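Just below is one structure, and these are the notes that go with it.
What you see is a predicted model, and the numbers here were worked out from it, not measured in a lab. Each chain gets a letter, A, B and so on, in the order the sequences are listed, and its residues count up from 1.
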Protein chains: 2
Amino acid sequence: MHEYRMAIIGFGNVGQGLAQILAERSELIRKEFGLGVRIVAVSDVKLGSIYQPQGFDPAVLLAYVGARGTLAEVPAKVRGWDSLRTIRETESDVVVELSPTDLKTGEPAVGHIRAALESGKHVLTTNKGPIALQYRALKKIAEAHGVEIGVEGTVMSGTPALRMGMEYLKGAGIVRIQGIINGTTNYILTRMQDGKPYIEALAEAQAKGYAEADPIGDVEGYDAAGKLVILANVLMDASIGLIDVEREGITGLMREDICEAEEGGDVWKLIAGLERKPDGVKARVRPERLPRSHPLASVRGATNAITYTTELLGDVTLIGPGAGRLETGYAILCDLLAIDRRKV
Amino acid sequence: MHEYRMAIIGFGNVGQGLAQILAERSELIRKEFGLGVRIVAVSDVKLGSIYQPQGFDPAVLLAYVGARGTLAEVPAKVRGWDSLRTIRETESDVVVELSPTDLKTGEPAVGHIRAALESGKHVLTTNKGPIALQYRALKKIAEAHGVEIGVEGTVMSGTPALRMGMEYLKGAGIVRIQGIINGTTNYILTRMQDGKPYIEALAEAQAKGYAEADPIGDVEGYDAAGKLVILANVLMDASIGLIDVEREGITGLMREDICEAEEGGDVWKLIAGLERKPDGVKARVRPERLPRSHPLASVRGATNAITYTTELLGDVTLIGPGAGRLETGYAILCDLLAIDRRKV
């Protein structure tokens, strides 16, 4: 049995989802995988910052956040440390980085992750920004300090798309990846397929919490491009950036295009694609018209999916959730299980 | 870098597929995963038996089998040891069990696996019979001897359905499994959907090598039932046998049923299902009529697929090959990678 002392940076939806999973399933995880987790610190710019070496009951943390909207009143040994001090000075083995994502600078997450790795702590994150921008550099720092960086939740939330790719498909020779990796646009396209105009479908996606008030990051394909860069660098040993992704969103798609495809038995999907070429990996996000027999054609609503084309296995497709509080929180646990497995 | 000394029992399609993968991809696997494999022995009732501590070049083994139809002429230190002697007396760390499968007794594979585990050797197998019949007992022997038993290739060939389930979905709470895990029947049903009568579709499946001369194991659901038992015992901690599977094949399905479903926008599939109930796991193989929006509805031809319903992630579906020489050979490598990962 290994017990990990965990410091959580950022306690929004995903952090709280992780705490809920730990509150409800610790016994099961201990029994099934011989893995224990003790949350020793939480630092959140809005909710406050607490540290206690013997650990917090995750249910108690959630109760305070729910009832008081703050962590400041949770009984704790230390209060008020900022994120970097929490990362560096708490007695912890694992830092979970969940600060708000930024696809332009990657900050403050890049600084957090760097500090944690340089302190010899594993990092688990679901934060796209720092990984899309700095994966190779951060990975090198991790290797230099003998620790690991887990990024499962940056693509398809807790659906083990990256772990399956790294551990089990890479050996089969991945030559192409095609994915529906943005749930918001897939939801919008599905509703348009059901007959709604774009503007109504977008409003629905916003009402359901899939799309943000400013939907540009989703509908113009920036979110998918960020995830595609991660897939390329993690699974195809590429070293590309956002600038290398040819990108086209869904705003140019008309309802008539979708109806016409429908009549021909086809569907439009926003496809994020990677292809291994002699001169490197080619990356492209754009709407594609797929025949209904394509494994990605039947992926509806906010669901995500990736088809890996491999030399030995041909096509392998994974379909699952791409977002959600518990779904993304679970990705952190997937990464910790993978790290722990290496220690047995 | 770890190098494993491998003894292969049974050198038919899958064994030769594995040898081909090792011949073509050893460098890549060594570089990517730090894993080396040396085939030190092969024992096959038809092709002969050879042993050489410093190992064989897998390409040479394949060349002899291809050109001479035998291993007897391969330069080797020792010849003619039977399977049990090869398992027990060769200096090997890993025994790959690929003898012909038998869903009634599991022999001779059960004896082979037992002997290997008791000799302190890891066992990797794609052989359904012994695992459907004796998984729990064999797993116990493995644990008692500090070795592992890898069974990835018994379900969906090298598509990592069992590893993904064990390592990444079990922690999310698997409550239900639904799969298309017999490629032959899915091929037949797909062709019937395309308008062929059963008898023609079956003949096509036989011509393509999917179905055997006596197709009963496939079309009556025995093969799917065996795999379902493996899924239940490996992924749902059940302890069921073939007798516990409610089983109905596809021979009762008429072309009219399929046309009628087609008109209603539905498809018939042979679904292998497991459900966690208060009194244990319920297992059933039977044709089911699925709406076209179901993730398994668009799985065509000999392709396989499994949908795992989990408490934390909802539905996660994996689609990939279910058979094939390289595809199944690759499963052995998946298992070895998993075992090796635990040793780092």
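Chosen from A:A297, A:G173, A:C334, A:A305, the residue pairing most often with chain B at heavy-atom distances under 4.5 Å is A:C334. Top candidate by heavy-atom pairs under 4.5 Å with chain B, chosen from A:T328, A:L333, A:V316, is A:V316. Put simply, of B:L28, B:T159, B:L312, B:I29, the one with the most heavy-atom pairs under 4.5 Å next to chain A is B:L312. Residue with the most contacts toward chain A among B:G320, B:G171, B:G314, B:P160: B:G171 (heavy-atom pairs, distance under 4.5 Å). For the set B:L318, B:T303, B:L313, the entry with the most heavy-atom pairs within less than 4.5 Å of chain A is B:L313. Most heavy-atom pairs under 4.5 Å with chain A, from the set B:R300, B:R25, B:M164: that is B:R25. Ranked by heavy-atom pairs under 4.5 Å with chain A, the list B:M156, B:E311, B:E152, B:R292 is led by B:E311. In terms of non-hydrogen atom pairs under 4.5 Å with chain B, the most contact-rich of A:H294, A:R163, A:E24 is A:R163.
A:K269 contributes a side-chain N or O that, together with a main-chain N or O of A:V299, makes up a donor-acceptor pair within less than 3.5 Å. Checked by atom type and distance alone, the side chain of A:Q20 never pairs as donor or acceptor with a backbone atom of A:L326 at under 3.5 Å. Judged purely by atom type and a 3.5 angstrom limit, A:H2 has no side-chain atom pairing as donor or acceptor with the backbone of A:L35. Checked by atom type and distance alone, the side chain of B:N186 pairs as donor or acceptor with a backbone atom of B:G301 at under 3.5 Å. Distance alone, capped at 3.5 Å, places no donor-acceptor pair between the B:Y135 side chain and the B:N233 backbone.
For B:Y168, the parts sitting under 4.5 Å from any heavy atom of chain A are the backbone and the side chain alike. Interface residue A:I21: only side-chain heavy atoms are found under 4.5 Å from chain B. Contacts of B:E167 with chain A are made by both backbone and side-chain atoms, with heavy-atom separations under 4.5 Å. Interface residue A:E327: backbone and side-chain heavy atoms are both found under 4.5 Å from chain B. Only the side chain of B:L337 comes within contact range of chain A, with at least one heavy atom under 4.5 Å from a heavy atom of that chain.
Between A:D237 and B:K31 there is no salt bridge, since no side-chain N of the basic residue sits under 4.0 Å from a carboxylate O of the acidic one.
The two residues A:P295 and A:T307 come nearest to each other via the heavy atoms CG-OG1, 4.1 Å.
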I'd like to know whether A:E32 forms a salt bridge (charged side-chain N to carboxylate O under 4.0 Å, His left out) with B:K170, so could you lay out the CA-CA distance, the side-chain angles of the two residues, the decisive distance to 0.1 Å, and finally the verdict. CA-CA 8 Å; A:E32 181 70 48; B:K170 246 182 152 176; 3.1 Å; yes

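In this structure, a donor-acceptor pair under 3.5 Å is absent between the side chains of A:Y308 and A:Q178.
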